[in-house]
Engineer: 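One structure follows; several queries about it will come next.
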Amino acid sequence: SYLEVYNEVIYDLLVKSSGPLELREGPDQGVCVAGLRRIPVTSPAEIMGLLEDGNHRRKTDSTDANATSSRSHAVLEIMVRRCPRNQYRANVLIGKLTLVDLAGSERAAETNNIGQKLRDGANINRSLLALANCINALGKQQKTGVAYVPYRNSKLTRLLKDSLSGNSRTAMVATISAAHDQYHHSVNTLKYADRAKEIKTHVVQNVGSVERHIADYQNIIDNLQTEVQSLKTRLADRAALSAPGFGSSAILAAAAADPSSPGNSSVPHLPAISTAGSGPVPSSAGAVGSAEADTLAWIDGLAQEINENVEERINLQKALFELEDINVCNKYELQNIENMLRTGVAHKNAANS
């Protein structure tokens with residue numbers, strides 16, 4: 001994405017005739033620009049092409065100090081995602097590179113600006129002053145431990161909040177001149193950039209936690225499916241063993257042949273029955289029916305056990321999702337409490353001063 005901040009109004013440089021965009025802040029995404037276009041790219045050449053297109057749309061004007069003076073601050077944001085190939089639900093590493101081109105401060109006596117150019121220069125100086133105040137407050141916070149950082153004084157500082165105090169490393173590149181008549185400008189610029197060295201941040205890897213949780217849930221589902229498939233296989237084998245003509249009749253025949261054998265202790269002794277006629281065999285039929293009833297009862301018990309197991313796993317998944325929601329709410333409440341504490345400290349300092 002590529003945007004500019006012109007007179008405290010945000011415009012999208014990757015869209016022709018972009019309208020004003022709103023700056024919003026949420027507990028999950030942080031500070032973001034609503035409606036900002038984000039274009040996926042695959043090579044640095046594509047990024048350079050988009051950068052050149054955006055520079056053509058950026059607002060510039062000529063002054064007595066510079067023939068092509070930038071009248072706005074530009075912010076180029078590049079989001080990089082790295083995921084190992086050929087891995088199922090692997091963690092995703094996320095990195096963000098923010099390149100900011102700050103418009104130079106202007107003195108009306110040197111630029112001889114009037115009208116709209118004068119108002120543009122005043123807004124540029126105001127946003128640069130807000131950025132300097134934030135940098136000073138962050139440097140003081142590292143020394144004393146408590147300091148209010150006025151990010152909301154400018155849209156530029158709100159956009160750079162994560163870059164200044166978030167999980168990031170920040171570097172400032174200053175443009176100076178060796179000319180004698182630019183001595184004061186060079187000194188002021190170096191002093192401005194030197195303040196950024198006071199900011200110290202603790203950087204950790206940005207791992208896609210949502211993807212990691214999804215992978216955990218997917219593993220739970222896979223384990224459930226494997227367990228269900230194993231139970232289905234056992235059920236099919238048991239049904240095949242108890243099928244008429246395969247298992248039951250053979251067991252009954254063996255029991256009738258040797259009722260005193262140890263392996264047939266669970267099969268009742270069957271009396272000798274004459275099979276010369278074509279009449280029914282009530283004793284054998286009763287034994288087969290009893291075996292089938294036992295098998296059906298076992299199948300019903302197994303099915304009930306499977307259902308209880310699946311319900312328990314589903315309840316566990318619901319509990320995990322609820323914990324995720326509670327963590328998000330707690331994070332949002334903690335952020336609100338910190339903002340209230342900072343506001344209270346700022347009011348107290350203002351009252352003391």
Side-chain angles (χ1 to χ4, degrees), residues 2-8 11 13 44-45 47-78 96-143 149-150 153-157 159-165 168-201 203:
Y2 195 23
L3 60 87
E4 69 172 354
V5 182
Y6 174 69
N7 289 337
E8 290 300 311
Y11 297 94
L13 293 178
I47 298 176
M48 291 301 300
L50 294 174
L51 183 61
E52 293 176 357
D53 293 341
N55 288 335
H56 290 317
R57 302 186 183 99
R58 188 178 176 184
K59 295 176 178 60
T60 58
D61 208 339
S62 61
T63 64
D64 291 352
N66 193 349
T68 56
S69 175
S70 301
R71 315 309 294 168
S72 64
H73 308 293
V75 181
L76 174 68
E77 188 177 284
I78 303 172
K96 182 173 68 173
L97 174 64
T98 303
L99 301 176
V100 184
D101 182 18
L102 299 174
S105 60
E106 296 183 351
R107 294 183 179 180
E110 296 180 359
T111 58
N112 295 323
N113 290 336
I114 59 174
Q116 184 61 39
K117 293 182 182 180
L118 183 61
R119 288 189 289 272
D120 293 346
N123 287 321
I124 291 173
N125 294 337
R126 187 181 296 110
S127 60
L128 291 176
L129 178 61
L131 179 59
N133 292 334
C134 290
I135 293 176
N136 292 336
L138 289 171
K140 183 179 179 182
Q141 191 178 49
Q142 297 296 328
K143 296 179 180 178
V149 184
N153 290 352
S154 173
K155 290 187 177 180
L156 176 65
T157 53
L159 285 171
L160 300 182
K161 181 178 179 180
D162 291 339
S163 299
L164 293 174
S165 61
S168 62
R169 296 188 183 275
T170 304
M172 182 176 290
V173 180
T175 303
I176 60 175
S177 175
H180 181 269
D181 57 348
Q182 300 294 323
Y183 172 77
H184 296 288
H185 294 289
S186 298
V187 171
N188 291 333
T189 302
L190 290 175
K191 288 181 179 179
Y192 188 93
D194 185 66
R195 301 170 186 171
K197 297 196 308 182
E198 301 295 332
I199 303 175
K200 306 296 182 182
T201 57
V203 182

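None of these values were measured; they are calculated from a predicted model. FYI, side chains are in, hydrogens and waters are out, and symmetry mates aren't considered; it's all heavy atoms of this structure. Residues: numbered from 1 along the sequence shown.
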Engineer: Step by step, work out the side-chain contact (heavy atoms from CB on, under 4.5 Å) result for L159 and L3.
Structural biologist: CA-CA 11 Å; L159 285 171; L3 60 87; 3.8 Å; yes
Engineer: Just jot down the side-chain contact (heavy atoms from CB on, under 4.5 Å) partners of A132, sequence neighbours excluded, or say none.
Structural biologist: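 Once residues adjacent in sequence are excluded, the partners of A132 under the side-chain contact (heavy atoms from CB on, under 4.5 Å) criterion are Y192, R195.
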Engineer: Looking only at non-hydrogen atoms, find the nearest pair between N153 and A130 and report the distance.
Structural biologist: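 Distance-wise, the nearest heavy atoms are CB-CB, 4.2 Å.
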Engineer: Nearest 0.5 Å, what's the CZ-OG distance between R169 and S163?
Structural biologist: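 Interatomic distance, R169 CZ to S163 OG, rounded to 0.5 Å: 14.0 Å.
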Engineer: Under a 4.5 Å cut-off applied to non-hydrogen side-chain atoms, are S69 and D61 in contact?
Structural biologist: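 Side chain of S69 against side chain of D61, heavy atoms only: no contact under 4.5 Å found.
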Engineer: By side-chain contact (heavy atoms from CB on, under 4.5 Å), which residues pair with M48, not counting sequence neighbours?
Structural biologist: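 If we apply the side-chain contact (heavy atoms from CB on, under 4.5 Å) test to M48, skipping adjacent residues, the hits are L51.
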Engineer: By side chain to side chain donor-acceptor pair (under 3.5 Å), which residues pair with N55, not counting sequence neighbours?
Structural biologist: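 Y2.
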Engineer: Can you tell me which residue pairs pass the side chain to side chain donor-acceptor pair (under 3.5 Å) test with a partner in residues 170-182, sequence neighbours excluded?
Structural biologist: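 Every pair satisfying side chain to side chain donor-acceptor pair (under 3.5 Å) with a residue in residues 170-182: there are none.
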Engineer: Is there a donor-acceptor pair under 3.5 Å between the side chain of T201 and the backbone N or O of S168?
Structural biologist: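 Yes: the side chain of T201 pairs with the backbone of S168.
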Engineer: How long is the straight-line distance from CG of L76 back to CG of L99, given to the nearest 0.5 Å?
Structural biologist: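 Reported to 0.5 Å precision, the distance equals 5.0 Å.
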Engineer: Just jot down the side chain to side chain donor-acceptor pair (under 3.5 Å) partners of E8, sequence neighbours excluded, or say none.
Structural biologist: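 Once residues adjacent in sequence are excluded, the partners of E8 under the side chain to side chain donor-acceptor pair (under 3.5 Å) criterion are S154.
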Engineer: Under the side-chain contact (heavy atoms from CB on, under 4.5 Å) rule, collect the residues that match up with T189, sequence neighbours excluded.
Structural biologist: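 Per chain and number, T189 pairs via side-chain contact (heavy atoms from CB on, under 4.5 Å) with A174, I176.
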Engineer: Would you please name every residue forming a salt bridge (charged side-chain N to carboxylate O under 4.0 Å, His left out) with K140, sequence neighbours left out?
Structural biologist: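 Counting only residues at least two positions away or on another chain, K140 forms no salt bridge (charged side-chain N to carboxylate O under 4.0 Å, His left out).
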Engineer: Name all residues meeting the salt bridge (charged side-chain N to carboxylate O under 4.0 Å, His left out) criterion together with D101; count only those two or more places apart in sequence or in a different chain, and write none if there are none.
Structural biologist: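 Once residues adjacent in sequence are excluded, the partners of D101 under the salt bridge (charged side-chain N to carboxylate O under 4.0 Å, His left out) criterion are R58.
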Engineer: Which residue in the set L129, L156, V149 passes side-chain contact (heavy atoms from CB on, under 4.5 Å) when paired with C134?
Structural biologist: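 In the set L129, L156, V149, the residue that makes a side-chain contact (heavy atoms from CB on, under 4.5 Å) with C134 is V149.
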Engineer: Looking only at heavy atoms, what is the nearest atom pair of L128 and G104, with distance?
Structural biologist: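 Looking at all heavy atoms of both residues, the closest pair is CD1-C, 4.1 Å.
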Engineer: Sequence neighbours excluded, which residues qualify as side chain to side chain donor-acceptor pair (under 3.5 Å) partners of K59?
Structural biologist: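 For K59, the residues satisfying side chain to side chain donor-acceptor pair (under 3.5 Å) (neighbours in sequence not counted) are E4.
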Engineer: Taking side-chain contact (heavy atoms from CB on, under 4.5 Å) as the definition, give me every residue that meets it alongside K96, ordered by chain and number, with sequence neighbours left out.
Structural biologist: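 K96: side-chain contact (heavy atoms from CB on, under 4.5 Å) contacts with E77, M79, T98, D162.
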Engineer: Looking at every heavy atom in both A193 and M172, which two are closest together, and how far apart are they?
Structural biologist: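 Closest approach of A193 to M172: CA-SD, 3.4 Å.
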Engineer: Tell me, which pairs form a side chain to side chain donor-acceptor pair (under 3.5 Å) where one or both residues lie in residues 117-137, sequence neighbours left out?
Structural biologist: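 As it turns out, the side chain to side chain donor-acceptor pair (under 3.5 Å) pairs with a partner in residues 117-137, which skip direct neighbours, are Y6-D120, N7-D120, N7-N123, H73-S127, Q116-R119, Q116-D120, N123-R126.
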Engineer: Of all residues at least two apart in sequence or in a different chain, which pass the salt bridge (charged side-chain N to carboxylate O under 4.0 Å, His left out) check with K197?
Structural biologist: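 Salt bridge (charged side-chain N to carboxylate O under 4.0 Å, His left out) list for K197, sorted by chain: D194.
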